[in-house]
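Positions are given from 1, in the same order as the sequence printed here. Heavy-atom basis, side chains included; hydrogens, waters and symmetry copies ignored.
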Amino acid sequence: MDFNIEEKDKNKRLDIFLLEKYPDLTRSHIKNMIDGGKALLNGKTVKAGEKLRVNDKIHVENLEPEEVKTKPEDIPIEIVYEDDDLAVINKPQGMVVHAGAGNTTGTLVNALLFKLKNLSGINGKLRPGIVHRLDKNTSGLLLIAKNDFAHNSLAKQIQEKTCVRKYIALLEGTLKEQEGHIETHISRDKKHRTLMNVCPESQGKLAITDYKVLKYYNGYTLVEFTLKTGRTHQIRVHASRVLHKPIVGDKEYNPSTKLNGQLLHAYKIEFTQPRTGQRITLETSLPENFKKVLKKLQEK
């Protein structure tokens with residue numbers, strides 16, 4: 001993989017730039033690969049902290065951790081829809097989607113390899129079948145492609161915004177606006193590299209989210225979010241940094257929250273079946289822990 005440095009990436013450290021391009025890898029792993037000559041700057045091995053200049057060229061070779069191998073595991077998962085081309089999984093909260101550093105077992109991919117005979121290979125051996133992602137602590141509906149034809153079609157639908165993805169979240173505080181449209185740019189937080197943040201247009205990727213209030217509770221707001229783009233942590237960032245009403249239980253963006261497990265659930269997905277052209281709409285109810293919190297709020 002080759003990258004040409006543009007004005008927006010000028011003066012970034014090499015390791016930070018690559019971390020943004022490969023968010024599934026750790027900073028230490030990227031440093032080791034740079035030190036080992038797997039990421040060259042203008043054809044030379046340099047230090048991880050080397051500052052980038054406009055028109056610099058980066059050549060990356062094999063940044064994926066070779067030692068991580070995903071094996072089938074008999075892990076219970078809920079398949080809400082399945083045909084010859086794809087499946088839709090209701091991912092539980094707390095399950096990592098695919099293997100990576102520190103997560104070689106117990107992932108959704110481990111379960112998929114056991115449950116499904118075929119998975120697309122577009123995203124490589126570590127992420128077979130994965131069309132889009134959900135954070136570890138986000139529950140809900142996830143598209144899985146069984147072949148490359150379906151994968152390409154579903155990915156294109158997401159890119160062209162014809163695949164509808166809706167989430168329900170419980171936010172801290174009372175959101176005054178009944179509905180709204182959020183359009184920002186998002187990049188990695190400069191101080192906390194595992195988090196994302198709103199940034200100037202020249203420094204990040206476009207992130208668009210629509211929202212609508214579903215119900216008010218005493219000091220909380222139940223909100224439906226519709227993704228128009230699919231950036232890392234998009235809803236969590238827009239809730240906490242733009243609406244200033246972080247998601248209940250989201251300890252990364254809401255450290256003062258008293259609940260373990262963020263209340264963010266991908267409850268609805270609508271897409272076109274790649275081969276037949278049939279429009280498919282699927283919904284799933286809120287997880288039990290989410291329902292319990294809402295019930296307690298209602299009783300107060």
Could you tell me if the side chain of T209 sits less than 4.5 Å from the side chain of T226, heavy atoms only?
no

For D85 and N147, does a side-chain donor sit closer than 3.5 Å to a side-chain acceptor?
yes

Any side-chain donor-acceptor pair under 3.5 Å between Y211 and H238?
no

Is there a side-chain contact between L264 and D135 in this structure, where contact means two heavy atoms from C-beta onward sitting under 4.5 Å apart?
no

Could you check whether any side-chain heavy atom of L40 comes within less than 4.5 Å of a side-chain heavy atom of T45, counting everything from C-beta outward?
yes

With a 4.5 Å cut-off on side-chain heavy atoms, are P128 and V109 touching?
yes

Go through the side-chain N and O atoms of Y267 and E224 and say whether any donor and acceptor fall under 3.5 Å apart.
yes

Give, for atom CD of E201 and atom NZ of K8, the distance between the pair rounded to the nearest 0.5 Å.
11.0 Å

Are side-chain heavy atoms of I247 and N254 found at a separation under 4.5 Å?
no

Reference residue I144; test side-chain contact (heavy atoms from CB on, under 4.5 Å); the match among I130, V131, L86, L154
I130

For residues N218 and Y220, is any side-chain donor paired with an opposing acceptor at under 3.5 Å?
no

From Q273 atom CD to S153 atom OG, the distance as rounded to the nearest 0.5 Å
8.0 Å

What I'd like to find out is whether the side chain of L170 reaches to under 4.5 Å of the side chain of V293, using heavy atoms alone.
yes

Distance only, no hydrogens: is a donor on one side chain within 3.5 Å (strictly under) of an acceptor on the other, for K91 and S139?
no

If we only count heavy atoms from C-beta on, is the K292 to K295 side-chain gap below 4.5 Å?
no

Exercise: do T138 and H265 side chains pair donor with acceptor under 3.5 Å
no

Would you check if there is a donor-acceptor pair between the side chains of T105 and N110 at a distance under 3.5 Å?
no

Approximate separation, where rounding is to 0.5 Å, of L263 CG and L259 CG:
5.5 Å

Side chains of K57 and N42: donor-acceptor distance under 3.5 Å anywhere?
no

NZ/K51: more than 12 non-hydrogen atoms of other groups inside 6.0 Å:
no

Is any NZ, NE, NH1 or NH2 atom of the basic residue among K47 and E50 found under 4.0 Å from an Asp or Glu carboxylate oxygen of the other?
no

Quick one: does L52's side chain get under 4.5 Å of L14's, heavy atoms only?
yes

Report the distance from atom CG of L19 to atom NZ of K12, rounding to the nearest 0.5 Å.
10.5 Å

Measure the spacing between OG of S187 and CG of L195 and express it to the nearest 0.5 Å.
11.5 Å

Looking only at side-chain N and O atoms, does T229 offer a donor or acceptor that is under 3.5 Å from a partner on Q234?
yes

For L294 and L286, run side-chain contact (heavy atoms from CB on, under 4.5 Å): C-alpha distance rounded to whole Å, both residues' side-chain angles, the deciding distance at 0.1 Å, then the answer.
CA-CA 10 Å; L294 295 181; L286 295 175; 3.8 Å; yes

